[in-house]
Amino acid sequence: MTVKPATRPARPHFSSGPCAKPPGWAAAKLAVDSLGRSHRSKLGKQRLKLAIDLTREILQVPDTHLIGIVPGSDTGAVEMALWTMLGARPVSMLAWESFGEGWITDVVKQLKLDAEVVKAPYGELPDLTRVNQSHDVVFTWNGTTSGVRVPNGNWIRDNREGLMIADATSAVFAMDMPWDKLDVVTFSWQKVLGGEGAHGMLILGPRAVERLESYTPAWPLPKLFRMTKGGKLNRAIFDGDTINTPSMLAVEDYIFALEWAKGLGGLDALIARASANAAALDRWVQKTPWIDHLAADPATRSTTSVCLKFADDAVAGMDDAAKLALVKKMASLLEAENAAYDVAGYRDAPPGLRIWCGATVDTADIEALGPWLDWAWNEARA
Ligand SMILES: Cc1ncc(COP(=O)(O)O)c(C=O)c1O
């Protein structure tokens with residue numbers, strides 16, 4: 001038996017979604033006047049609009065881009081874009097982990113488009129400089145299940161012909177987004193700000209709007225996906241006039257998180273918190289012989305969903321099933337001790353650990369986590 005570390009993380013919440021609530025969050029602190037009323041009442045509309053306006057302010061989204069609250073969390077927002085915009089020109093689908101793969105399935109198997117598929121294995125990025133930008137391009141800004149992110153938007157041409165469609169659900173509020181290079185950006189409240197699942201955010205640049213107003217897909221669109229009326233964008237959606245009924249409780253929870261973020265100092269402060277967390281975790285990785293980063297290149301390493309694998313020497317002779325059993329054992333030991341929740345890697349990723357380092361996590365808790373991971377490793381191996 002190894003000795004348990006003296007200090008536990010104060011908030012052992014390291015899940016990569018839904019992520020830790022903002023520090024100081026409590027259900028009793030949420031505004032509830034909008035609950036039990038119509039979301040189309042004056043108050044309901046005001047709260048939805050406030051969520052949109054604070055999103056714009058904190059993410060520094062330029063006035064050129066529209067921001068809408070849509071159904072179905074991040075998946076809903078991505079699928080709205082894919083179903084309404086694709087098919088007008090050739091498509092390139094980029095993927096380096098499970099969620100990117102999921103969008104390929106949507107486009108190739110469901111929409112049956114003859115897309116160019118560009119993939120890289122877990123831990124790597126494809127060569128972004130070779131992406132054909134005369135195509136519409138669909139990619140994941142931060143691959144939540146591999147911990148590999150796009151380092152910047154320098155590879156995206158200003159005069160691209162296609163649309164750049166980015167699933168940025170585990171990137172926004174933690175990484176800089178080059179808005180002028182992105183035509184569609186999506187995310188969910190349940191990620192970096194620690195809100196609730198349920199609703200997605202769909203951000204559209206002028207070229208995406210132009211596509212919606214000039215192109216009608218060959219396939220039918222359910223009401224939930226329809227953003228145009230008589231060939232014109234239904235702009236009311238982007239003022240908080242949602243397509244169908246949202247959860248006002250989830251809206252109020254998101255507003256709480258946005259106000260917390262604003263109080264901290266906005267985007268720069270959020271990015272600084274995630275970077276400090278990822279750096280603290282990296283200090284532990286660097287001094288720990290049994291663990292390595294899954295993302296080989298530090299430039300592409302996520303500062304939110306940090307994915308770790310066992311060092312080859314430490315698990316010599318073990319197959320993936322044995323490594324997975326080790327992960328499960330460690331995760332359940334840590335959970336039973338209330339030292340860390342939800343730190344097992346994603347089911348489709350190479351066996352390992354995944355530690356969320358987004359802005360709602362406190363650096364002191366990441367620092368307290370390292371010794372517990374060592375403890376769980378020793379216990380699980382014993
Ligand atoms: C990159 C990425 N895309 C999509 C999703 C799906 O998000 P949601 O469950 O909010 O629809 C996730 C969730 O973890 C994700 O990490």
Side-chain angles (χ1 to χ4, degrees), residues 13-21 51 55 68-83 93-107 110 119-120 122-126 137-151 164-175 177 182 184-203 224-225 243-244 246-247 250-251 253-254 257 274 294-295 300-307 341-349 352-361:
H13 297 73
F14 301 108
S15 156
S16 292
C19 301
K21 289 293 187 193
T55 301
I69 297 172
V70 301
S73 207
D74 180 60
T75 309
V78 174
E79 291 188 333
M80 270 176 99
L82 302 184
W83 259 255
M93 300 294 301
L94 318 185
W96 48 95
E97 50 79 65
S98 175
F99 285 102
E101 297 270 358
W103 307 140
I104 294 174
T105 301
D106 270 2
V107 168
Q110 297 296 322
K119 289 195 198 184
Y122 275 85
E124 293 171 35
L125 265 189
V137 178
V138 180
F139 69 103
T140 305
W141 193 279
N142 181 79
T144 319
T145 67
S146 73
V148 172
R149 67 167 170 181
V150 169
M164 278 287 163
I165 301 176
D167 170 0
T169 194
S170 52
V172 289
F173 298 113
M175 301 168 199
M177 293 280 117
L182 299 171
V184 178
V185 174
T186 69
F187 68 93
S188 154
W189 300 343
Q190 51 109 347
K191 281 279 187 293
V192 183
L193 286 195
E196 293 298 299
H199 303 300
M201 297 302 271
L202 180 64
I203 304 186
L224 280 180
F225 284 3
I243 295 174
N244 68 331
S247 158
V251 171
D253 181 73
Y254 180 51
L294 182 56
T300 67
R301 210 171 270 164
S302 176
T303 49
T304 55
S305 59
V306 179
C307 294
Y341 302 145
D342 312 320
V343 294
Y346 193 72
R347 56 181 186 259
D348 299 335
L353 303 173
R354 182 172 58 163
I355 315 293
W356 182 256
C357 287
T360 57
V361 173

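As the structure lists them, so they are numbered: ligands from 1, and atoms in each ligand from 1. Because the structure is predicted, anything quoted here is derived from the model rather than measured.
- Listed by atom number, the atoms of ligand 1 under 4.0 Å from Thr169 heavy atoms are 1 (C), 2 (C), 3 (N), 12 (C), 15 (C), 16 (O).
- Between Tyr254 and Phe187, the ring planes are tilted. Angles from 30° to 60° get that label.
- Backbone and side-chain nitrogen or oxygen atoms of Gln190 are examined, and one is located within less than 3.5 angstrom of a nitrogen or oxygen of ligand 1.
- Closest to atom 10 (O) of ligand 1, if we only count protein heavy atoms, is Ser73 OG, 2.5 Å.
- Distance from atom 3 (N) of ligand 1 to its nearest protein heavy atom, with residue and atom name: Asp167 OD2, 2.6 Å.
- By the criterion of a heavy-atom distance under 4.0 Å, the side chain of Thr140, and not its backbone, is placed next to ligand 1.
- Taking the six-membered ring wherever Trp is involved, the centroid distance between the rings of Phe99 and Tyr346 falls below 6.0 Å.
- Within the structure, ligand 1 has Lys191 among the residues with a heavy atom less than 4.0 angstrom away.
- For ligand 1, the atoms closer than 4.0 angstrom to any heavy atom of Ser188 are 10 (O).
- The closest side-chain heavy-atom distance from Ser302 to Met175 is below 4.5 Å.
- If you check which protein heavy atom lies closest to atom 1 (C) of ligand 1, you get Thr144 OG1, 3.2 Å.
- Using a cut-off of 4.0 Å between Lys/Arg side-chain N and Asp/Glu carboxylate O, Glu196 and Lys21 are scored as salt-bridged.
- When only non-hydrogen protein atoms are considered, atom 6 (C) of ligand 1 lies nearest to Thr75 OG1, 3.5 Å.
- If you check which protein heavy atom lies closest to atom 4 (C) of ligand 1, you get Asp74 OD2, 3.0 Å.
- Side-chain atoms of Trp103 never come within 3.5 Å of backbone atoms of Val138 as a donor-acceptor pair (strictly under, hydrogens ignored).
- A donor-acceptor pair under 3.5 Å is absent between the side-chain atoms of Arg149 and the main chain of Ser170, judged by distance alone.
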Inset, instruction - Check step by step if side chain to side chain donor-acceptor pair (under 3.5 Å) holds for Ser73 and Ser188. - result: CA-CA 5 Å; Ser73 207; Ser188 154; 3.0 Å; yes
